[in-house]
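Inspection log for the structure reproduced underneath, given as structure tokens.
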Amino acid sequence: MIKKRSFILLSVWVVIIGCFNVACSGEKHTSQLSWGKYYLWNAPDSAFQILRTIPSPEKLSKEEYSLYALLMTQVMHRCGQEISSDSLIDIAVKYYSSHGTSDEKASAFLYKGYVLESLGKDNEAIYAYKQAEEAVKSAKDLRIHFLVYVALGHINGRYAHYEQSVGYYKKALDLNLSVPSWKAMGGSSAFIPLYLGQGTPRYNEEVKLVQDKFFDIVNRMDFSTQEKIYYRLALVEKDKKNWNEAVSLLKQAQERTSTAEARRGYDIELAEVYKKLGKGATVDSLRVEVLKSSRPKLRASVYKDMYREMQAKGFEREAALYMQHYINELELLFTSGSRAELLEIEKKYDYSAVLRQSNDYRSRWTITILITIASVCTLALLLWGSWKFFRYQKLDILRNYKKDASILQEQIDTLQEQIEENQGEAKNLQEQMQALEEEKKNKELRIRQLEVTFRSKHISLPVETVEAAQIYLRIVSKENPRYNPAEDRAKLEHWLNVSRHRWADRLEALYPSLTNNEKDICFLFVLGLGFDDIADLLGVQSRSVDRVVYRICRKMGLGQGSKEEFVAQINRMGECATNK
């Protein structure tokens, strides 16, 4: 019994210890992945070493294994290691296509594109980059945005899609990343492919805008980083033979150096560029500054350049002197070849230098004069031919304009005559049309009169009632309502007495102090017109109607004199008439 109980206790302890080991192992792997993710941007080498300590990553959970595949691909790419297959990043792409955050999904497709591009599968890489661009719209990490746009700009620039390339680079720079993020991603080298492209003038203008934004970010970095960036860009401009841009960038780099010797190193580069620009005086002054350097190699490079220049010009004696200085600076021993070259140069100078220089000068002057005369004659012929061509072209244009002007004048005269002929006829037609319109209005008014008459219970109505009905119809007309108080007031009173149980007489009996203007307001309101409609019908402002309503209320004995009280009182009078 005791043995059985001991065996059970031992089994329980084994199970507990096993679970504890598994949990610790899982926590260890999770910790390693977290540290790898932490060091990814600032120390990718350390992140790589941490991830390598995971013994069997394929035994991790699906989520952890996908994160491991993504992180390992990222650190290998950032460390510059060659990735020979896309099988590892495919694990991350497959998982994050339907799981994880937008940042992880965008990163998976981005590094998938990097791997495919390194394997020479550009079409598949572009598709992966576009998927990353779609996913990055909802991503929070701006560094992922930056890398996606730079990748698209780079691959479009490679295939001469310059406008798309510049557009993506502008998107990357518009993110305004902080300087630490910029340096961690190697932002200075990301834009080098942009300056290697050859495009249209519009493309070059767009490149200038991107350069300005790029330099604005660069100027916020430390001087050492700025010096490296400006020097690399200067080398690119030298390769493209943009000498002025190269000079500007070299000066920017030189200003950010910390020692005089380093500045003299840039003087060598500047002298080479100024030589291409044909500024000999500037080249000489820069070489003088370099010769003050304490570094023999710098001084030797100056003597070497001067030796080559003198040799090219045929000044053998000076060439030999500069070669001697060059050899002395480098502290080299003479070889037989060097001695033979020196002796040959001296011999040429001693026996035939002066004669050859004279012949060279003479032949050069002859060629120069002939070339100048030919250039002047060619230029004169081109100017004369251009003047004749443009003069003939302008005369032809002038003749065409005159011809068009004469045709237009003839058309204007014809139209004017037609207008004058049809003017009298148009006037007669206008008068006839006005007469017909007036007759039509009278007919419509008579139709309304008859309609009112036939709707009445008593067809044989008095003339006064018919006229009063006409006034009523004219007032409530929707097309052109009219009311003339002096002429129509009596007929309107008659209509209200007939149609509303002697409403006008009752108003007079109740409130005999009301004026004609005040009665007009009451009559028109009873007919269903609003206050603004009453103002338009009487040709007065709404404020005038408000003042009259106030006076009516006071005469009716209403306390506040408001429109609401006026409306209520008129309605009460109508109800009284209905009850009767």
Side-chain angles (χ1 to χ4, degrees), residues 437-438 440-442 444-458 461-580:
E437 289 286 343
E438 187 65 28
K440 179 185 174 185
K441 289 181 181 177
N442 293 331
E444 290 176 349
L445 183 59
R446 183 58 182 165
I447 289 169
R448 291 181 183 177
Q449 294 174 2
L450 293 173
E451 287 176 349
V452 173
T453 302
F454 290 129
R455 284 197 209 102
S456 175
K457 296 178 181 179
H458 306 287
L461 293 176
V463 177
E464 293 84 0
T465 302
V466 174
E467 292 178 350
Q470 292 176 359
I471 297 302
Y472 164 71
L473 292 173
R474 194 174 65 189
I475 291 173
V476 298
S477 172
K478 294 183 179 180
E479 296 179 357
N480 186 20
R482 287 178 295 159
Y483 176 64
N484 187 351
E487 298 177 359
D488 302 337
R489 186 181 295 114
K491 296 177 181 179
L492 182 57
E493 288 181 3
H494 180 73
W495 176 255
L496 291 173
N497 288 330
V498 170
S499 63
R500 295 181 180 269
H501 304 284
R502 306 197 66 79
W503 195 91
D505 292 343
R506 286 189 287 109
L507 180 67
E508 177 67 23
L510 289 173
Y511 308 109
S513 61
L514 293 178
T515 64
N516 288 332
N517 290 337
E518 293 168 351
K519 288 180 181 179
D520 290 335
I521 300 296
C522 295
F523 293 163
L524 295 174
F525 185 79
V526 167
L527 294 179
L529 275 67
F531 291 111
D532 292 337
D533 297 332
I534 293 171
D536 294 338
L537 198 60
L538 296 176
V540 298
Q541 295 183 352
S542 298
R543 289 179 294 179
S544 300
V545 174
D546 294 342
R547 287 195 292 270
V548 174
V549 169
Y550 178 79
R551 292 200 301 271
I552 293 171
C553 291
R554 305 300 293 177
K555 290 181 180 181
M556 288 181 174
L558 303 177
Q560 297 180 355
S562 65
K563 290 182 180 179
E564 290 77 8
E565 292 178 330
F566 172 77
V567 172
Q569 181 63 19
I570 295 300
N571 291 334
R572 282 195 293 271
M573 289 182 65
E575 292 174 359
C576 291
T578 304
N579 294 331
K580 289 181 180 181

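Side-chain atoms are counted along with the backbone in the values below, which use heavy atoms only and exclude waters and symmetry mates.
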Practice task
Please check if the distance between the ring centroids of Phe566 and Tyr550 is under 6.0 Å.
Solution key: no

Handout entry: Within 6.0 angstrom of Gln541 CD, more than 12 heavy atoms from elsewhere
Key = no

Problem - Ile521 vs Asn517 side-chain heavy atoms within contact, under 4.5 Å - result: no

Handout entry: Asn497 and His494, any side-chain heavy atoms less than 4.5 Å apart
Key = no

Problem - Separation of Phe525 CZ from Gln569 CD (nearest 0.5 Å) - result: 11.5 Å

Handout entry: Test item: Tyr511 and Met556 side chains (from C-beta on) under 4.5 Å apart, heavy atoms
Key = yes

Problem - Point-to-point distance, once rounded to the nearest 0.5 Å, from CG of Leu524 to CG of Leu492 - result: 6.5 Å

Fill in the blank from the handout: Between Lys519 and Leu514, the two heavy atoms sitting closest are CE-O, 3.7 Å

Practice task
May I have the step-by-step check of side chain to side chain contact (heavy atoms under 4.5 Å, CB included) for Leu473 and Trp495, ending in yes or no?
Solution key: CA-CA 11 Å; Leu473 292 173; Trp495 176 255; over 6 Å; no

Practice task
Taking the side chain as every heavy atom from C-beta outward, state whether Tyr472 and Lys491 have any pair of such atoms under 4.5 Å apart.
Solution key: no

Exercise for the section: State, yes or no, whether a side-chain contact exists between Val548 and Asp520 at a heavy-atom distance under 4.5 Å. Expected result: no

Practice task
Could you check if a side-chain atom of Phe523 sits within less than 4.5 angstrom of a side-chain atom of Leu507, using non-hydrogen atoms only?
Solution key: yes

Practice task
Quick one: pull up CZ in Arg551 and OG in Ser513 and give me the separation to the nearest 0.5 Å.
Solution key: 11.5 Å

Practice task
I would like to know whether Ile471 and Arg474 meet side chain to side chain contact (heavy atoms under 4.5 Å, CB included); could you show each step before the answer?
Solution key: CA-CA 5 Å; Ile471 297 302; Arg474 194 174 65 189; 3.4 Å; yes

Exercise for the section: Could you check if a side-chain atom of Val549 sits within less than 4.5 angstrom of a side-chain atom of Glu565, using non-hydrogen atoms only? Expected result: no

Handout entry: Between CZ on residue Arg502 and CG on residue Leu496, distance to nearest 0.5 Å
Key = 11.5 Å

Handout entry: Spatial distance of atom CG (Leu537) from atom CG (Leu527) [nearest 0.5 Å]
Key = 9.5 Å

Completion exercise
Scanning both residues in full, the closest heavy-atom pair of Glu518 with Ile552 reads O-CD1, 3.5 Å

Practice task
Can you sort out the partners of Ala535 under side chain to side chain contact (heavy atoms under 4.5 Å, CB included), two or more places apart, ordered by chain and number?
Solution key: Val540, Ser542, Val545

